Amino acid sequence: MSWWKCRHEETIAKRLIRLTILPLKLPKLYPITDARLTGLSHAEQIARLSDGGATFVQLREKHLAPREFYREAEAALKIARARGVRLIINDRADIALALRADGVHLGQDDLPPEAARRLLGDSAIIGFSTHTVEQARAAAHLPVNYIAIGPVFKTSSKENPDPVIGLDGLRRVRAEIGGMHLIAIGGIAHLNIRDTLQAGADSVAMIDSLLAGNPLEIAARIAAFLDTLENKENLS
Ligand code: TZP
Ligand code: MG
């Protein structure tokens with residue numbers, strides 16, 4: 001088979017895989033857990049985030065062994081299921097599969113999204129982190145449900161973050177990825193949320209703005225962000 005025909009068939013195969021993934025309506029607010037920042041278990045964080053109205057949460061754990069992360073995720077999923085919260089597991093497609101969580105969030109060095117899709121099936125939610133316009137452009141052809149781009153602004157929640165892409169970078173990504181759901185991450189707060197959405201983000205993912213400070217205030221912080229996001233006048 002010629003090189004050209006082979007590449008052409010590969011492109012068609014990729015498009016067909018993308019077509020089997022049903023478009024999902026994802027919420028505008030995407031909280032991410034952080035056990036060190038809050039001093040709370042992931043299950044407890046899910047409960048507080050859900051008290052404030054969150055319905056879609058990512059479980060992110062960078063310090064535990066896989067077995068401990070599995071146990072934490074298992075407990076968190078019980079709470080999530082009881083409260084109708086969709087739970088996405090960061091990094092670990094194996095843990096998402098074993099627990100039948102709602103999906104997985106993959107980074108550039110994790111399992112390739114195509115492989116995670118084969119493991120988890122068409123109905124799983126698969127998200128993919130990107131840090132540059134080029135990475136986002138390539139990700140638009142992958143069998144994922146959303147692309148995350150960031151850091152958009154300076155962040156203190158990630159070790160060794162990539163360079164910030166700013167609102168201009170976010171706008172360029174929006175222009176490159178067609179209708180793919182785009183989640184902005186990194187340093188999102190009340191003062192920049194409006195500009196972030198106007199630059200083309202469909203949703204905002206946050207750690208610090210929701211979880212730093214008194215854990216008793218987590219639910220109120222979520223509720224305040226949801227209020228801002230639901231009240232279009234705040235955003236236009
Ligand atoms: N990826 C890019 S920035 C970031 C991740 C996980 C951290 C986001 O946290 P914060 O506190 O909302 O900046
Ligand atoms: Mg990762």
Side-chain angles (χ1 to χ4, degrees), residues 28-40 42 45 49 52 54 56-66 69-70 73 87-97 101 103-116 119-120 124-133 135-136 139 142 144-167 169-170 173 182-197 199 201 203-213 215 217-218 221-222 224-226 228-229:
K28 284 207 170 97
L29 185 64
Y30 189 20
I32 302 177
T33 60
D34 188 318
R36 285 203 173 170
L37 187 63
T38 54
L40 300 174
H42 291 280
Q45 290 175 75
L49 292 165
F56 180 59
V57 178
Q58 183 188 129
L59 224 66
R60 184 171 185 267
E61 176 52 70
K62 296 289 183 183
H63 305 286
L64 294 179
F69 185 24
Y70 174 81
L87 197 69
I88 307 300
I89 307 292
N90 183 263
D91 290 342
R92 307 290 308 224
D94 53 350
I95 294 180
L97 178 66
V104 67
H105 180 93
L106 300 167
Q108 293 284 321
D109 296 327
D110 296 321
L111 201 62
E114 297 94 329
L119 268 186
L120 300 177
I125 301 173
I126 299 184
F128 190 47
S129 276
T130 64
H131 313 292
T132 63
V133 176
Q135 287 176 356
L142 295 173
V144 298
N145 301 91
Y146 69 83
I147 294 173
I149 180 75
V152 178
F153 305 104
K154 193 169 173 297
T155 180
S156 50
S157 304
K158 189 175 184 184
E159 280 175 26
N160 304 316
D162 289 81
V164 300
I165 62 143
L167 291 170
L170 179 57
V173 167
L182 181 61
I183 301 189
I185 185 166
I188 316 282
H190 279 290
L191 85 170
N192 57 30
I193 196 165
R194 175 181 162 158
D195 290 344
T196 303
L197 292 163
S203 307
V204 285
M206 288 184 239
I207 300 177
D208 200 83
S209 294
L210 299 172
L211 299 181
E217 291 166 8
I218 291 173
R221 281 186 223 123
I222 289 275
F225 273 106
L226 284 174
T228 303
L229 290 166

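Counting convention: from 1, in listed order, for ligands and their atoms alike. Owing to the predicted nature of the structure, the values given are computational and were not obtained by experimental measurement.
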Starting from atom 12 (O) of ligand 1, which protein heavy atom do you reach first, and at what distance in Å?
I207 N, 3.0 Å
Has the side chain of S203 got a donor or acceptor atom that lies under 3.5 Å from a matching backbone atom of L29?
no
Filtering Q58, H105, R60, K158 for the heavy atom nearest atom 2 (C) of ligand 1 leaves K158
Give the residue and atom name of whichever protein heavy atom lies nearest to atom 3 (S) of ligand 1, and the separation in Å to one decimal.
G186 CA, 3.7 Å
Provide the closest heavy-atom pair for V104 versus A96 in the form atom of the first, atom of the second, distance.
CB-CB, 4.2 Å
Of all N, O or S atoms in D91, the one closest to the Mg ion (ligand 2) is OD1
Output yes when a side-chain donor or acceptor of D110 lies under 3.5 Å from a complementary backbone atom of G107, and no otherwise.
yes
Any side-chain to backbone donor/acceptor pair from E159 onto P161? Under 3.5 Å, distance only.
no
So the atoms of ligand 1 within less than 4.0 Å of a heavy atom of D208 turn out to be 10 (P), 11 (O), 12 (O)
Any heavy atom of P161 sitting closer than 4.0 Å to ligand 1?
no
Closer than 3.5 angstrom, by distance alone: can the side chain of D208 be matched with the main-chain N or O of S156 as a donor-acceptor pair?
no
Per residue D110, nearest N, O or S atom to the Mg ion (ligand 2) is named OD2
Ignoring angles and geometry beyond distance, decide whether A205 reaches within less than 3.5 Å of ligand 1 through its nitrogen or oxygen atoms.
no
At less than 4.0 angstrom from any non-hydrogen atom of G187, what atoms of ligand 1 do you find?
10 (P), 12 (O), 13 (O)
Begin from the C-alpha positions of H131 and Q108 and carry the test side chain to side chain donor-acceptor pair (under 3.5 Å) through to its verdict.
CA-CA 9 Å; H131 313 292; Q108 293 284 321; 5.5 Å; no
If the plane angle is over 60° it's perpendicular, under 30° parallel, otherwise tilted; pick one for Y30 and Y146.
perpendicular
Quick one: do the H190 and S209 side chains pair a donor with an acceptor below 3.5 Å?
no
Below the 3.5 angstrom mark, is there an N/O of S157, backbone or side chain, next to an N/O of ligand 1?
yes
Just wondering, do L49 and L211 contact through their side chains at under 4.5 Å, heavy atoms?
yes
Purely on distance, is any nitrogen or oxygen of T155 under 3.5 Å from one on ligand 1?
yes
Atom indices of ligand 1 within 4.0 angstrom of M206 heavy atoms, with elements
12 (O)
Before signing off on this row, confirm whether I185 and ligand 1 have an N or O atom pair separated by under 3.5 Å.
no
